[in-house]
Amino acid sequence: MFTGIIQATGRLERREPSGAGARLTIAVNGACLTVVRRAGTRFMADLSPETLARTTLGRLPIGRRLNLERALKLGDRLGGHVVQGHVDAVGRLEAITPNGDWLAYRFRAPRAVWPYLVEKGAIAVDGVSLTVFACRQGSFTVALIPHTLAATTLADLKPGEPVNLETDVLLKQIRTMLRSRHPVVG
């Protein structure tokens, strides 16, 4: 479990599978990965075909900065929202609009994500916990303050670029429970 509060950024150096070793869990651009080998400040993680299909990690260019967050420990503060590191879909940055010291980023989301886009609700974009302040069918907008822009890779994004999206796990659980109690007929 994670909070979406990015602790550091790193760079993608290589993309190749690695062998087994000490197991640490970390979120890379919002995807929960298991570290299989560490060497100094570098680490390697194996990516399954499912991770490659559901995230941007298999397509990112070498040298690209990445958001990094270690898994929560029991008793840690929850500074963002509950994030599992299970990316729901890949979206796209549509537009960036300056507004004083902060920027409004509008993202396009796949249809599967739409039911979970709630104004004043939470979403993780490339692993960063953000509050949605405007929703339209298929898109949502978030405000990025100077600290978020400086501490994450979101400032590196350009319109048209893909991003990993993880919606609120509590909303997903509630929707699943409601569907199981009242199946749709027809």
Over all atoms of both residues, closest heavy-atom pair of L117 and A109: CD1-CB, 4.2 Å

So do the side chains of P159 and E94 get within less than 4.5 Å of each other, counting heavy atoms only? no

To the closest 0.5 Å, what do you measure between CZ (F107) and CD1 (I96)? 8.0 Å

Under 4.5 Å between any side-chain heavy atoms of F140 and V125, yes or no? yes

If we count only N and O atoms by modelled type, under 3.5 Å, do the side chains of N67 and T153 hold a donor and an acceptor together? yes

Between V128 and L154, is there a side-chain heavy-atom distance shorter than 4.5 Å? yes

So with a 6.0 Å cut-off around CG of D101, is the heavy-atom count from everything else above 12? no

Contact between T55 and N29 at the side-chain level, heavy atoms closer than 4.5 Å - yes or no? no

Heavy-atom closest pair (P110 atom, G91 atom, distance to 0.1 Å) is CD-CA, 4.2 Å

State, to 0.1 Å, how close F2 and Q84 come at their nearest heavy-atom pair, and which atoms those are. CE1-O, 3.6 Å

Gap separating the CG atom of D46 from the OG atom of S48, nearest 0.5 angstrom: 9.5 Å

So if you build clusters from Ile, Leu, Val, Met, Phe, Trp, Tyr with side-chain heavy-atom gaps below 4.5 Å, do W102 and V142 land together? no

For T141 and V132: C-alpha separation, side-chain torsions, deciding distance, then whether side chain to side chain contact (heavy atoms under 4.5 Å, CB included) applies. CA-CA 6 Å; T141 304; V132 174; over 6 Å; no

Do the non-hydrogen side-chain atoms of L33 and L57 ever get within less than 4.5 Å of each other? yes

Can you find a heavy atom in the side chain of L149 that is under 4.5 Å from one in the side chain of Y105? yes

Same cluster for L12 and V163 if Ile/Leu/Val/Met/Phe/Trp/Tyr side chains link at under 4.5 Å? no

Honestly curious: do V28 and L47 fall in one hydrophobic cluster under the side-chain, below-4.5 Å linking rule? yes

Heavy-atom closest contact (T9 atom, A151 atom, distance): CG2-O, 3.8 Å

Looking only at non-hydrogen atoms, find the nearest pair between P162 and L157 and report the distance. O-CD2, 4.4 Å

Which value, rounded to the nearest 0.5 Å, describes the distance between W114 atom CH2 and Q137 atom CD? 4.0 Å

What distance do R92 atom CZ and S139 atom OG have between them, rounded to the nearest 0.5 Å? 15.0 Å

Is R59 atom CZ crowded by more than 12 heavy atoms from other residues, nucleotides or ligands, each under 6.0 Å away? yes

Please determine whether the number of non-hydrogen atoms from other residues, nucleotides or ligands lying under 6.0 Å from atom CZ of R54 exceeds 12. no

My understanding is that only one of H81, R77, E69 makes a side-chain hydrogen bond (donor to acceptor under 3.5 Å, both in side chains) with T3; could you say which? E69

May I ask whether V113 and V82 are part of the same hydrophobic cluster, defined by side-chain heavy atoms of I, L, V, M, F, W, Y residues being less than 4.5 angstrom apart, directly or through others? no

Side chains of E13 and I62, heavy atoms from C-beta outward: is any pair under 4.5 Å? no

Is there a continuous path of hydrophobic side-chain contacts, each under 4.5 Å between heavy atoms, that joins L66 to I6? no

Within a strict 4.5 Å, meaning less than it, do heavy atoms of the Q7 and R70 side chains meet? yes

Would you please name every residue forming a side-chain hydrogen bond (donor to acceptor under 3.5 Å, both in side chains) with D76, sequence neighbours left out? none

Let me confirm one number: the CZ-CG distance from R11 to L68, rounded to the nearest 0.5 Å. 11.5 Å

For a quick check under 3.5 Å, do T167 and D88 share a side-chain donor-acceptor pair by atom type? yes

With a 6.0 Å cut-off (strictly less than), is the heavy-atom count around CZ of R175, excluding the residue itself, greater than 12? yes

Are the charged groups of R64 and E161 less than 4.0 angstrom apart, N to O? yes

Main chain of V87, side chain of N164: is a donor-acceptor contact present, judged purely on distance under 3.5 Å? no

